[in-house]
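Inspection log for the structure reproduced underneath, given as structure tokens.
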Amino acid sequence: MHIGVLTGGGDCPGLNAVIRAVVLTGHEVHGDEFTGFVDGWRGVIDGRSRPLAPVDVREILAQGGTILGTSRTNPFADEGDVERVLTSLSKFGIDALVAIGGDDTLGVAQRLATLGVHVVGVPKTIDNDLSGTEVTFGFDTAVQIATEAIDRLQTTAESHHRVIVCEVMGRHAGWIAAYAGIAGGAAEILVPEIPFDLDEVCARLTDRHRRGQYSSVVVVSEGSSPRSGPDAEAAARYTSTESVDAFGHARLGGIGAWTASEIERRTGYESRVTALGHIQRGGTPTAYDRVLASRFGVAAVEAVHAGAFTTMVALQAGQIVRVPLEEAVGRPKRVDRSLLTEVAQPLFS
Ligand code: F6P
């Protein structure tokens with residue numbers, strides 16, 4: 001078969017491991033040939049590709065980023081682009097497409113499937129907020145990076161008796177904040193799923209410091225916000241941006257800085273902020289992510305050969321399974337509240 005491969009959305013450690021597994025499995029086991037579309041859906045629209053033979057993927061397992069490039073292009077945003085996608089796929093003679101991406105990329109894949117495109121999705125995002133799978137590849141690496149950062153922030157916070165707010169990625173869901181916060185012994189974890197009351201946060205920090213803890217690290221997801229009211233309005237002024245991407249997402253950032261300055265003002269504790277940003281997305285994947293990405297890549301090729309189109313490969317109870325794309329997209333997987341209330345919060349003191 002002739003299989004097209006693309007990576008879309010924000011990059012993520014493990015993308016190259018998926019590409020490698022797809023190409024090696026397809027070539028060695030099934031005799032497939034591959035076309036790599038560059039820069040996500042942009043490359044399909046423009047008919048830009050690169051060859052993907054085994055020789056092109058043999059050394060990329062541990063490499064961060066994606067050798068195919070990526071973009072946040074949405075073919076359904078601009079008139080004529082969907083037709084260009086269909087023309088391009090037919091011109092290249094693509095029998096099936098493996099789309100590696102998060103909610104936006106796989107949402108496009110699902111819509112293209114209704115137009116007759118044979119597509120199999122692979123779940124990618126450091127945010128781990130895609131439904132249908134217990135874990136997305138890239139999440140483990142991001143958590144490792146954030147945890148190491150929190151460990152480092154703890155020692156400098158202790159030395160200076162400061163509060164340090166660490167802003168991590170997580171647009172719709174606070175998985176990175178929850179996992180790295182627990183792993184790094186955070187004093188507070190603020191996530192998008194639970195709007196926070198900053199006065200309550202400050203009261204807990206004050207209580208903690210009075211009981212002898214003279215420093216605190218507060219972990220906040222970039223998508224978090226205070227409960228509605230004056231704080232929510234003030235934070236929104238601090239964090240909102242005019243520009244949105246092709247899927248309508250605003251550029252996030254700034255909640256950590258607002259939270260740190262308000263904690264200092266309300267408690268009197270000297271406070272600082274560190275926003276980890278794209279450090280969480282760059283660089284080599286952990287061993288766990290390499291294995292998960294490889295399992296997904298192999299399973300995606302097997303799904304293509306089984307004719308299991310309009311599905312996404314997924315991890316459930318330790319096994320790789322196929323789920324309908326419609327079960328995965330358009331419904332962010334939120335953090336389990338019990339992780340915060342039953343595990344994180346008792347350990348905040
Ligand atoms: O990949 C998802 C994500 O990491 C979000 O958490 C974040 O808001 C976004 O990507 C930022 O991506 P970029 O700055 O590359 O557009």
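The residues of the chain are indexed from 1 along the displayed sequence. Both counts, for ligands and for their atoms, begin at 1 and track the order of listing. Quick caveat, the model's predicted, so the values are computed rather than measured. Heavy atoms only: backbone and side chains are in, while hydrogens, waters and symmetry mates are out.
- With no hydrogens or angles considered, a side-chain donor-acceptor pair links Thr141 and Asp289 at under 3.5 Å.
- One finds the CD atom of Glu200 at 9.5 Å from the CD atom of Glu188 (value rounded to the nearest 0.5 Å).
- Ring-plane geometry between His161 and Tyr214 is classed as perpendicular, the angle between the planes exceeding 60 degrees on a 0 to 90 degree scale with a lower cut at 30.
- Heavy-atom separations between Arg251 and ligand 1 are all 4.0 Å or longer.
- Neither the backbone nor the side chain of His249 comes within contact range of ligand 1; no heavy atom lies under 4.0 Å.
- Other residues, nucleotides and ligands place no more than 12 heavy atoms under 6.0 Å from the CZ atom of Arg152.
- The single protein non-hydrogen atom nearest to atom 7 (C) of ligand 1 is Glu222 OE2, 3.1 Å, given as residue, atom name and distance.
- Nearest residue to atom 2 (C) of ligand 1 from Asp127, Asp11, Thr136, Leu252 is Asp127 (criterion: closest heavy atom).
- Here the heavy atom of the protein found nearest to atom 4 (O) of ligand 1 is Met169 SD, 3.0 Å.
- Using a 4.0 Å heavy-atom cutoff, Gly9 is absent from the residues neighbouring ligand 1.
- Counting the atoms of ligand 1 from 1 in the order shown, those under 4.0 Å from a heavy atom of Arg171 are 6 (O), 8 (O).
- Residue-ligand proximity, Gly170 to ligand 1, at heavy-atom distances under 4.0 Å covers atoms 6 (O).
- At the shortest separation from atom 16 (O) of ligand 1 among protein heavy atoms lies Arg72 NE, 3.1 Å.
- The CG atom of Asp39 lies 11.5 Å from the CZ atom of Arg50; values are rounded to the nearest 0.5 Å.
- Ranking protein heavy atoms by distance to atom 10 (O) of ligand 1, first place goes to Arg281 NH1, 2.9 Å.
- Between His249 and His172, the two ring planes are perpendicular [angle over 60°; tilted spans 30° to 60°].
- For the atom pair CZ of Arg48 and OG of Ser88, the computed distance is 10.5 Å after rounding to the nearest 0.5 Å.
- At least one heavy atom of His278 sits less than 4.0 Å from an atom of ligand 1.
- Using cut-offs of 30° and 60° on the angle between ring planes, the pair Tyr179 and Phe139 is perpendicular.
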